[in-house]
Each structure stands twice: as structure tokens, then as C-alpha cells.
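Just so you know, ligand 1 is whichever comes first in the structure, and atom 1 is the first atom listed for that ligand.
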Amino acid sequence: MKLTFMTRISAALLALSSMLVGAAATPINDIQNLDLIDRAEQNKTAPKVFIISMFTPEANVWYNIPDFNLLARNITVPGFSPLFPDAHCTNDGSICELVTGEGEINAATTISSLVRSSEFDLTHTYFLIAGIAGISPKIGSTGSVTFARYAVQVALQHEIDAREKPSNFNTGYFPQGAEAPDQYPTSLYGTEVFELNDNLRQLAYSFAQNATLNDTSEAQAYRANYAGDSELAPGASAPSVILCDTATSDNYWVGSLLAEAFENTTTLFTNGTGVYCTTQQEDNATLEALLRGAISGLLDFSRIIIMRTASDFERPFAGQTAYEALFAEQGGFDVSVTNIYVAGVEVVKGIVDEWDDQFEAGVKADNYIGDIFGSLGGQPDFGLGSHFGGHKAPSARSLGRRR
Ligand SMILES: *[C@@H]1O[C@H](CO)[C@@H](O)[C@H](O)[C@H]1NC(C)=O
Ligand SMILES: *[C@@H]1O[C@H](CO)[C@@H](O)[C@H](O)[C@H]1NC(C)=O
Ligand SMILES: *[C@@H]1O[C@H](CO)[C@@H](O)[C@H](O)[C@H]1NC(C)=O
Ligand SMILES: *[C@@H]1O[C@H](CO)[C@@H](O)[C@H](O)[C@H]1NC(C)=O
Ligand SMILES: *[C@@H]1O[C@H](CO)[C@@H](O)[C@H](O)[C@H]1NC(C)=O
Ligand SMILES: *[C@@H]1O[C@H](CO)[C@@H](O)[C@H](O)[C@H]1NC(C)=O
Ligand SMILES: *[C@@H]1O[C@H](CO)[C@@H](O)[C@H](O)[C@H]1NC(C)=O
């Protein structure tokens, strides 16, 4: 920003000095140069929606669709994954998509690179994180489409192997700086919990409800195994659209005990408001990178949607071991990737179709949005209180002034 501004000033000074000396070199050229620089600045791609995929199967559902062509323009972005170097956009740049690569490190690095890229103006962009996830059968079934308000980094904890844990612990995981699993962490890294715009989430939810979700007999047959246990019976129901939260961990866990431990962590970290439901490996990292972009005034944190579709259950059914559950052919994968498109396209079209009437100006959040430190200002409704006395982080304040 600063460089461009300086460039423009020097071009203007150059134009002015040419005029003053009345040199033969026509000032018109310099004014044209100035105009060119202005246009280059304005020429940034300004997507209305940016779809964030994490790996190839999630990305492929968006290509070769009747609704729009994301392969019309490829924009190489320095810092993207070597496996997925390009952002893919429609010809007019109104809808774009990228692939982060899997896990928290890939997600954070790719999104940081996007946020700082000079190719894009993201100040009005809606981000649709659209990936598959594990699901708790207490909440829903494979093929379901979920929209999260909270993202919780559940494995950011101490861990003692269960064989060595104190006998009064129900799990080997306990929060950093705490002495037992049920104590709030006292050592916070800032990425433990993020909260998103609930009003926007409700709109996305209503768009997705218009979708006819895909299902297969294979997925139906497997999920029927959960019907016998009343607590896990929601796992046997048909796919649906659900409002519930998401847990991030690089560690791909399976089993009733870890699932229950992280369910408890979600409750603890969100002070009781989070609804533990899906499990994935990226979202808190993506959100931290987006948060930092928001601090720099490069994007709007109230324009983020997390949509996770369920590909597998994170715990076994009665009589099955955790190990068997991990390797079972659950039949949920194809259904979950199909439903990323089936439900996600309703959200994308909903935003683009109602851009002028509603989305360009933004959807006002009535709930707290941001991280556990309160970096964007306000008081989180979870955690230990704003790190910044309810104000924006100092870096957000100074950067905000410069813009
Ligand atoms: C604007 O972007 C288009 C497409 O990326 C490019 O062809 C054109 O040269 C750019 N114009 C300016 C003034 O930078
Ligand atoms: C964009 O990249 C994809 C492969 O990732 C390719 O299939 C497509 O043809 C490219 N589009 C253009 C306009 O080059
Ligand atoms: C991760 O992000 C979710 C959703 O925004 C949030 O609820 C959760 O607290 C975050 N977890 C961590 C550990 O940052
Ligand atoms: C649902 O689809 C119908 C028919 O295509 C459309 O008229 C309606 O506006 C849609 N509703 C939402 C919430 O997208
Ligand atoms: C959805 O499920 C059906 C089976 O019920 C399957 O035949 C079909 O191919 C799936 N649709 C898509 C778009 O994959
Ligand atoms: C989860 O919390 C409940 C209620 O405090 C407790 O009974 C249960 O043992 C905990 N589960 C695990 C695995 O920590
Ligand atoms: C969340 O719970 C912790 C631990 O009980 C408490 O210290 C903190 O004040 C609570 N935060 C909010 C916003 O209620």
C-alpha cells in the first residue's frame, strides 16, 4: 500500500515537474502513467466469494459444474502450496477457489499468503471454508452439512499417554497451564477458540437448506449401526443441514474416549456455548491467518463461513473397536464431497445473487466475533477476557489509522 502510494506521488511529481519546465517530453505521457498505476491498483481481483478447499477431492467438486467456471482464470500466488500453486477464478473474478493443503501448517501458510497477495482485494470477500470432516454420531450422520459458530483447537493441550496418566483423570489430555482436564487453560496461545458471525451463519444455513442432499445406500447401511444406542442414534439419521461447531487438530483421532475428551474440551474452552460436532485438521489455522489479515485491514472477519460436511464417524458403534472404526468402509466419503458442492453452491449463489441488496454492504454481527484474545476489539463470550481491555489490538489500531 505504502509503496504504491509513494510510486503514485513520484509519478505525480514527475508529471508536475515536466509541466513546470515545459519540457518537450509531454506531461500527457506521465499523466497516462499515473492513470495506468491507478488502474493497476483498481485492477486487483475482488472476489465476492472465495471458496477454501483443503485437498483435491474437495476441490474437484467445484470444477466442471454448470453454475460457473472456476478454471477460467488461474492466478499463481507466491506462498501457496507447491502442490496447489494457483487460485482458480471465474473470468470476471467474482468467485475464486484455492486449495490450502491439509493440516494446520499448510492452512495457515496458504491463507497468510493469500491475505498478503497483491493480486487480490479481499476487503469485501466472503470466505467459504468448505471441507469434509469427522462427525459425532451424537449430533448427526455422514453426508450432513454443518455450519460452525465456534472453531476450537482441541488438541492444543498437554498430553500424557493414557497408560501413564493419573488414575483420577478420564483422559490423558489436559489444558496448557492447567493441572487437570476440567480446568480452564491458563497458558493461551490465542488460537484456541474463534467465533464467527452468527447472522451470516444463519443465512448460509438457510441457503443450504434449499439443497437436496446426496445420499447412497452404502452410507445408509453403515450408519444404521448407530441406531441401537440411543445416545448415538442421530448418527443413523438421513443427512441434514445442522448448526454445530468444529474441532481442529492435526492429530486425526478416533474412538469414544478421545471424542468425549475433546467434546469436553470444546465445552470448557467455549465456556459451555460450543456444540461439539465436527472434527477437522485446518480451520483454526485458517481462521488465525484470516484474523491477522483482518487486523491489518485487508479483509472483514465478519464475512467467514465454515461449512464442513461429514465423511466419517469419529467414534465406533456398539460392539466395534476404535481401530475397526478407523479402517471401516463407512460409505460417507463420496456423499460428503458431493454435498460440499450440492449445499455449497446454494451458499455461493445466495451471496452472489443478493450481492447488491444485502451482501456487498456486509451482514452485521450481533455476537462477539474474533479470537480468544479479543484482538479485533470487544469482549469474547468465552475465555479469560480481552487481552486488550476490550479495545482493538494496538497493531489493528495503528494499521487502521494508516489506511
Ligand atoms: C488487468 O488485469 C487483466 C487480467 O488479469 C490484465 O490482462 C490487464 O493487463 C490488467 N490491467 C492493468 C492496467 O494492470
Ligand atoms: C487452470 O488450471 C487448470 C488445472 O489446474 C486447467 O485445467 C485449466 O485449463 C487452467 N485454465 C486456464 C485458463 O489456463
Ligand atoms: C478454533 O476455531 C473455532 C471456530 O472459530 C473456535 O470455536 C475454537 O475455539 C478455536 N480453537 C482454538 C483452540 O483456537
Ligand atoms: C430456494 O429455491 C427456490 C427455488 O429455486 C428459490 O425461489 C428460493 O429463493 C430459494 N431459497 C433460498 C433461501 O435460497
Ligand atoms: C447421489 O447419490 C446417488 C445414489 O443415491 C448417486 O447415484 C449419484 O451419482 C449421486 N449424485 C452425485 C452428484 O454424485
Ligand atoms: C467428560 O466430562 C464428563 C462430565 O464432566 C465426565 O463424566 C467424563 O468422564 C469426561 N470424559 C472424558 C473422556 O474426559
Ligand atoms: C470462562 O471460564 C473460565 C473458567 O471458569 C473463567 O475464568 C472465565 O471468566 C469464563 N469466561 C467468560 C467470558 O465467561
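For ligand 7, the atoms lying closer than 4.0 Å to a non-hydrogen atom of N271 are 1 (C), 2 (O), 3 (C), 8 (C), 10 (C), 11 (N), 12 (C), 14 (O). Atoms of ligand 6 found under 4.0 Å from any heavy atom of N264, numbered from 1 in the order shown, are 1 (C), 2 (O), 3 (C), 8 (C), 10 (C), 11 (N), 12 (C), 14 (O). Ligand 6 places these atoms under 4.0 Å from at least one heavy atom of L257: 13 (C). Near A261, meaning under 4.0 Å from any of its heavy atoms, are these atoms of ligand 6: 13 (C). Close approach of ligand 5 to T338 is summarised as follows: ligand atoms under 4.0 Å from at least one heavy atom of the residue are 12 (C), 13 (C), 14 (O). Close approach of ligand 6 to E260 is summarised as follows: ligand atoms under 4.0 Å from at least one heavy atom of the residue are 1 (C), 8 (C), 9 (O), 10 (C), 11 (N), 12 (C), 13 (C). Near L384, the atoms of ligand 7 lying under 4.0 angstrom from a non-hydrogen atom of the residue are 7 (O).
Aromatic rings from Y222 and F317 are positioned such that their centres are separated by under 6.0 Å. Taking the six-membered ring where the residue is Trp, the centroids of F382 and Y150 are separated by under 6.0 Å.
T248 and E104 share no side-chain donor-acceptor pair at under 3.5 Å. For the 3.5 Å distance criterion, the side chains of R149 and T273 fail to qualify, holding no donor opposite an acceptor. Of the N and O atoms on the side chains of T142 and Q330, not one donor lies less than 3.5 Å from an acceptor on the other residue. E314 and Y276 form a side-chain donor-acceptor contact under 3.5 Å, judged by distance and modelled atom types alone.
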Discussion item. I'd like to know whether D229 forms a salt bridge (charged side-chain N to carboxylate O under 4.0 Å, His left out) with R315, so could you lay out the CA-CA distance, the side-chain angles of the two residues, the decisive distance to 0.1 Å, and finally the verdict.
Written reply: CA-CA 13 Å; D229 181 331; R315 69 187 89 190; over 6 Å; no
Discussion item. Is there a side chain to side chain contact (heavy atoms under 4.5 Å, CB included) between F50 and L128? Walk through the geometry before answering.
Written reply: CA-CA 6 Å; F50 218 121; L128 175 63; over 6 Å; no
Worksheet item: Passes side-chain hydrogen bond (donor to acceptor under 3.5 Å, both in side chains), N199 versus D366? Steps please.
Response: CA-CA 7 Å; N199 289 338; D366 292 321; 2.9 Å; yes
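Note: no N/O pair closer than 3.5 Å links T171 and ligand 6 by distance alone. The distance criterion of under 3.5 Å between nitrogen or oxygen atoms is not met by P380 with respect to ligand 7. Remark: ligand 7 and D381 share no N or O pair separated by less than 3.5 Å (distance only, no angle test).
Within the 4.5 Å cutoff, no side-chain heavy atoms of V254 are placed close to those of F313. With contacts defined as side-chain heavy-atom distances shorter than 4.5 Å, the pair L203/F359 qualifies.
Under the 4.0 angstrom criterion, atom 7 (O) of ligand 6 counts as lacking any protein heavy-atom contact. Per-atom contact check: atom 14 (O) of ligand 6 touches the protein, criterion being a heavy-atom distance below 4.0 Å.
Given atom 4 (C) of ligand 7, the protein heavy atom at minimum distance is Y184 CB, 3.6 Å. In terms of protein heavy-atom proximity, atom 5 (O) of ligand 5 is closest to D215 O, 2.9 Å. Atom 1 (C) of ligand 5 has its closest protein heavy atom at N214 ND2, 1.5 Å.
Closest heavy-atom approach to atom 9 (O) of ligand 7 among the candidates G272, G383, P185, G385: G383.
For the ligand labelled ligand 6, residue P181 lies outside the 4.0 Å heavy-atom shell.
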